[in-house]
Amino acid sequence: MMKRWNVGKRLLPLFAGMMLLLSACGRADLSTLNPQGPVAEEQFGLMKLAISIMIIVVVIVFAISLYVIVRFRRRPGDNKIPVQVEGNHKLEIIWTVIPLILLVILGVPTVNSVFGLSKDYTKDPDAIQVEVTSHQFWWEFYYPQYDIHTAQELVIPTGKKIAVTAVSGDVLHSFWIPSLAGKIDTNPGTAVENGTANANKMYFEAPKAGVYLGKCAELCGPSHALMDFKVKAVDEASFDRWTAAQKTPVALPSDPAIKDALVKNCLSCHAIGDQGVLVYPNLTDIGSRLTVGGILVNTDEAEYANEGTTYENLKRWIEDPQAVKPGTLMPKVELTEQEIDGIAKYLSELKIDYEK
Amino acid sequence: MAHAHAHTVKRYKGLMDWLTTVDHKKIGILYLLAGGFFFLVGGLEAIMIRIQLIKPLNDFVSAEKFNQLLTMHGTTMIFLAAMPMLFALMNAVIPLQIGARDVAFPFVNALGFWTFFAGGVLLNVSWFTGGAPDAGWTSYVPLASPTYSPEYGVDYYVIGLQIAGIGTLIGGINFLVTIINMRAPGMTFMRMPMFTWAIFITSALILFAFPALTVGLVALMFDRLFEANFFEVANGGNAVLWEHIFWIFGHPEVYILILPAFGVISEVISTFSRKRLFGYSSMVFATVLIGFLGFMVWAHHMFTTGLGPVANALFSIATMLIAVPTGIKIFNWLFTMWGGSIKFTTANLFAVGFIPTFVMGGVTGVMLAAAPADFQYHDSYFVVAHFHYVIVGGLILGIFSGLHYWWPKMFGRMLNETLGKLTFWTFFIGFHMTFLIQHFLGLMGMPRRIYTYLDGLGFNNMNLISTIGAFLMGLGTIFFILNIIVTSVSGKKAAGDAWEDGRTLEWTIPSPAPEYNFAQTPLVRGYDAFWKEKMDGHKEMTPAEPLGSIHMPSPSILPLFMSIGLFIAGLGFMYHNYYVGGGGLALTFLCMLIRSLKDDHGFHIEPDELHDKGVKA
Amino acid sequence: MSAHSHVDGQLPHEPEKATLEGRNKVLGFWLFLGAEVVLFGTLFSAFLALRDKVGDGNPTADELFNLSTVAIATFILLTSSLTSVFATQAMHAGKKNAMIGWLIITVLFGLGFLGLEIYEFKEYVHEGHGFTTSAFSSSFYTLVGFHGAHVAFGVLWISIIIGQVLKKGLTVVTAPKIYVSGLYWHFIDVVWVFIFTVVYLMGKVG
């Protein structure tokens, strides 16, 4: 199969050049044209094959169109009646059979790939199992092998198969990491609830360490546009440190007023370490995450409107969640300025230092 | 026929004439006016969407408003703009092309228009009653379920579309019967003009696709209004079921839209190339095949739903197969032009522009058919670009072509060619500018239906270009409206054979067509009936009957009232006011009863009223 | 008298197809029935997808259905289809009174069927199987109820046609209506056969 693709490329260096141009398109952590893992690469391969075939078709049609338009236009004063041709069986057979051949060339690797990419790694002990649950408008990740709940940031070891089981906690969403793998919908209703297995499975792999952007690809409400997440691929040792750190107890704020406010207002929905409840995003390592709410990017050199330091972002989020993410279920909690400051400061310092 | 029983029928003038008309030509104009109006509404919504996306983190509209805009843009353009404008062309042209005096069911024809209009108005009322539907034109559950959309918006979607859908369904049945039963003597199926063939197949698709939508909408309506559990996951409902039902309707709907455009292009290209349509029989075969395959491929909208590899593989292959009959059509058009004498009128510019544009939409369609690659394209701007290439680049270019082509026949005046060409070039360039670049946006990771995007992702410039293109398309539309206004005041009167190269029966009668269409039913002696007569040295068709009195159906106000009844009923049930709801239904049923009990004897136009064939009777 | 007085007394053998309007009506109605097939087909698919989703503590199909009532209803409806055929035959023979008689019997059978169905539904609701109980119950009532509504509409429609024939006689205008309503009646009968099999029998067995 791979061989045929190469033959196609050799025959059509022009298109290979075009491909190069396309490959340069977009950010490496976001573009499907710049795949960073084997799954996205296979999908990109299929895309390249399809695009090559389609460019041939388009070029042929454009060429004939142009020729016809120029050659057969009616000149002023021309009143002759052209020959009324009924058809031409030979030509008609040609443009029926050639497309069929092109479709076989595209169809065989397609079917191959459909079955290849549907391989189930959820029983594979070597794969990292992740249960993805989508919510309006955040992502919950559960690692059954480690019993770890986290949110918005999927930390994975490089070079390992990541076996995803995806469901939704409310409406339809779609789990998409363009540079690593195509998307899969998250359907509501788990196997436990109503006896049907609506959970979808997929797998992917990130050979290179780095951060990859993830998106929700199914309209899910007002903040569908803001339902971003990150996939952070780290080496295996870092991953082990991360999983271990998730289990270590976390101290609550030393200031009793802030602690009270936090326990009363935040931990009624969120969890920090072994405290609080796991209904909404787990905050255990929120200080070391790349974003707040998946959308406010944490950085010391803010450049865009959605960027700021972790502390600033947390403050902005707590002060008015609806202004950041319209429709979010996070309420605007009645807190004093000092309490917000204190909570934001405390949360921004909830860091796990796992990357060496 | 003896006319001892000629009844005197009240004939209305002015507004009442339009409200009561059962004349297919006038109904066609009504469809055009209403569809054109909704086209402008949907276009305005599109412009607002594009303004919001002109730069990252824009706040031109809110997230909620944006979702309403995108839902209403899609719903309006498909159900309230594109379909009605097709029905406008169907009504204006089909009876003329087959040599019929009317459609099979003139009363039902009027009813179809008014129910569509009632449904369309009802949908848009939502803007003023607290918010339009906002779950996308596909209205996927659970987002559209009462749990996650407790407001009235989606109710308007469900009930508005239900009412508009009735109109479409009965329209489809009407044209099927018209084409099967009312062709002029000699017009065998294989002598029918290509546009008639396209409408024939489209009507069949409507017949078999719309009932599925009806059931889906009923189920969602029951869920929303009466707490049923079709899609309520907590009570055993199934969200994927909606996707299946919607797309079993939704995919044929795509072909319902595009086949008539294929028909228009076939007529226009053949006329302005002065050449017989190349490979007519294979064109017919391809149309039938596309219609048939259209029902076999719905799940390609659901590759990421998780149907499993077997379903995905089968639907991939089935979808790719549609490329074959479509390719046949493309090459047949090109070879119709080959060796011809091509005149570039505005109508033909749109038709010639259609071919490469539609091919681009078609090839991305085949790309999307490859399921594993679709995991990347799906629900990204790549898909947005693809379906706008087939729907705008295909259907809307086709409709523009058809409107410019048949305008003289519909209104008796020629459109201005300079303004027409201005329309074409601004719209055509604007279109490619808007949508070509969206392919790349999608591939670069931009999901569809997002109300904003972050800065620094590399989306900014492309979105800016796309928005500028949208404004150009708007400008093109304004040129078209300008053209209509200018020529309605001072346009050139159109001759019967307005383009001088007319090939089919509609060009054998005066422009606009008289009320009775044909004073004498023509005898059809071959494909391209009028052209054949011209080539044999005749100026007009041989009549198939002697001059006689012509029976016409009476006008009726009942279709309007039936639709008003449905409109009231829809509003009543939506707000759980069952007296109002029941009252609306009662009005509709009362009108049905009156229609059933009172025989319509119609009236007759006598031969002495026909003598001046050039003037509208 | 009415229009088409030229056919007075001498009704053609198939009066429903004597005029173009009549032929259009018959063909249009066949096509409409094609749409109805898709409509019921989709309802059946929805029912099949949801029929196991009964929910905890709610009666299952097996516990619920009382086949003997349904069998009687089936028998009544099938017989009414036969009487509807007799009515159409009488029309073709030009026997107006016989035709009206058969139509009245058909309507009465239809009413009987509806009565049984309402009784049946009341029993189900009584046993805790309401419209909003579960996905199974919603899809059940929607499918069977749609059919019931079709029967009710048919009863009303045929009654109105009987009135028209009494007033205007058997003409080329009324004949297509009678013929077409007969088609409709057979169609809802066929749908019922599928409902009986798919909903009731399979509910008992599966």
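Proteins come first, then strands; the chains are lettered A, B, ... in the order of their sequence lines, and each starts at number 1. All values below come from the heavy atoms of this structure, side chains included, with hydrogens, waters and symmetry mates left out.
Neither the backbone nor the side chain of B/Phe66 comes within contact range of chain A; no heavy atom of the residue lies under 4.5 Å from a heavy atom of that chain. For B/Glu243, the part sitting under 4.5 Å from any heavy atom of chain A is the side chain, from C-beta outward, and nothing else. Looking at B/Leu441, neither its backbone nor its side chain comes within 4.5 Å of chain A, counting heavy atoms on both sides. For chain A, the nearby part of B/Trp531 is the side chain; its heavy atoms alone come within less than 4.5 Å. Looking at B/Leu454, only its side chain comes within 4.5 Å of chain A, counting heavy atoms on both sides. Both the backbone and the side chain of B/Leu321 come within contact range of chain A, judged by heavy atoms closer than 4.5 Å. Only the side chain of B/Asn67 comes within contact range of chain A, judged by heavy atoms closer than 4.5 Å. Neither the backbone nor the side chain of B/Met302 has a heavy atom closer than 4.5 Å to any heavy atom of chain A. For a residue to count as touching a neighbouring chain, one of its non-hydrogen atoms must lie under 4.5 Å from one of that chain's; by this rule B/Ala144 does not touch chain A.
Judged by distance alone, with hydrogens and angles left aside, the side-chain atoms of A/Asn200 form a donor-acceptor pair with the main-chain N or O of B/Thr305 at under 3.5 Å. Judged by distance alone, with hydrogens and angles left aside, the side-chain atoms of B/His378 form no donor-acceptor pair with the main-chain N or O of A/Ile184 at under 3.5 Å. The backbone N or O of A/Pro178 lies less than 3.5 Å from a partner atom in the side chain of B/Gln376, making a donor-acceptor pair. Of the possible polar contacts, none joining the A/Arg74 side chain to the B/Phe344 backbone as a donor-acceptor pair under 3.5 Å is found.
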Exercise. Report the C-alpha distance between A/Gln43 and B/Asp374 in whole Å, list the side-chain angles of each, state the deciding distance to 0.1 Å, and finish with yes or no for side chain to side chain contact (heavy atoms under 4.5 Å, CB included).
Key: CA-CA 8 Å; A/Gln43 290 164 336; B/Asp374 180 68; over 6 Å; no
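The aromatic rings of A/Trp95 and B/Phe331 sit parallel, their planes meeting at an angle under 30°, below the 60° perpendicular limit.
Scanning both residues, B/Tyr140 and A/Leu172, for their nearest heavy atoms gives CD2-CD1, 3.4 Å.
For the residue pair A/Asp185 and B/Thr304, a side-chain donor N or O sits within less than 3.5 Å of a side-chain acceptor on the partner.
Proximity of the aromatic rings of B/Trp338 and A/Tyr67 is defined here by a centroid distance below 6.0 angstrom, and this criterion is met.
When each of A/Leu117, A/Val58, A/Val85, A/Ile60 is checked for heavy-atom pairs under 4.5 Å with chain B, A/Val85 comes out on top.
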